[in-house]
Amino acid sequence: MGTSLKPAHIDLPAAPRPDPNHADCRGVASILARVGDKWSVLIIVLLGDGPKRFNEIKRLVGGISQRMLTLTLRGLERDGLVKRTQFPTIPPRVEYELTQLGRSLWEAVKPLGEWAQGHVKHISGARAAFDKKTTT
């Protein structure tokens, strides 16, 4: 007689799955959506070395429209990750910097930014090879 292939112990307790409609899941999802968009991560990384003015951020990010930069900075400020400071000068000077919470996020995404910078050539080469293979 051989071994039976019929499952015998199928009544194992399964780990409870998080309810995607639960408030905690929705809260985490909204936070990940904020910090997961490409502009937010770039801005967080750029602000990691100190405060910057709006136009400086725009120039360093490259490719972001003024409207998108404004919306992204407002969202980061609303989430408590970025602090906006307006100085009483003429013309008014505004600087953006990471809050303590934003700095803790920067510590988490800094290695990701470093990894991306260190692998740009590898990724570009892989993309070119893939594109060449799929277009022929």
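If you're wondering where the values come from, they're calculated on a predicted model, not measured in any experiment.
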Any donor and acceptor pair, going by atom type alone, linking the side chain of D79 with main-chain N or O of L81 inside 3.5 Å?
-> no

Look only at the side chain of R103 and the backbone of G48, and say whether a donor-acceptor pair between them is shorter than 3.5 Å.
->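 Present.
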
Hey, are the side chains of R84 and L73 touching, using non-hydrogen atoms and a 4.5 Å cut-off?
-> no

Non-hydrogen side-chain atoms of T99 and V82 separated by less than 4.5 Å =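 No - every pair of side-chain heavy atoms lies 4.5 Å or more apart.
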
Check whether more than 12 heavy atoms from other residues, nucleotides or ligands sit under 6.0 Å from atom NZ of K83, and answer yes or no.
-> no

Should we count CZ of F87 as having more than 12 external heavy atoms under 6.0 Å?
->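 Count over threshold, so yes.
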
Inter-residue atom distance T135.OG1 - F130.CZ, 0.5 Å rounding | 10.0 Å

Please list, one pair per line, the donor and acceptor atoms closer than 3.5 Å that link side chains of residues 53-72 to other protein atoms, with sequence neighbours excluded.
from	atom 1	to	atom 2	distance (Å)
S65	OG	M68	N	3.0
T70	OG1	Q66	O	2.9
T72	OG1	M68	O	2.8

Just list the side-chain donor-acceptor pairs under 3.5 Å for residues 106-115, sequence neighbours left out, or say none.
from	atom 1	to	atom 2	distance (Å)
W115	NE1	H119	ND1	3.4

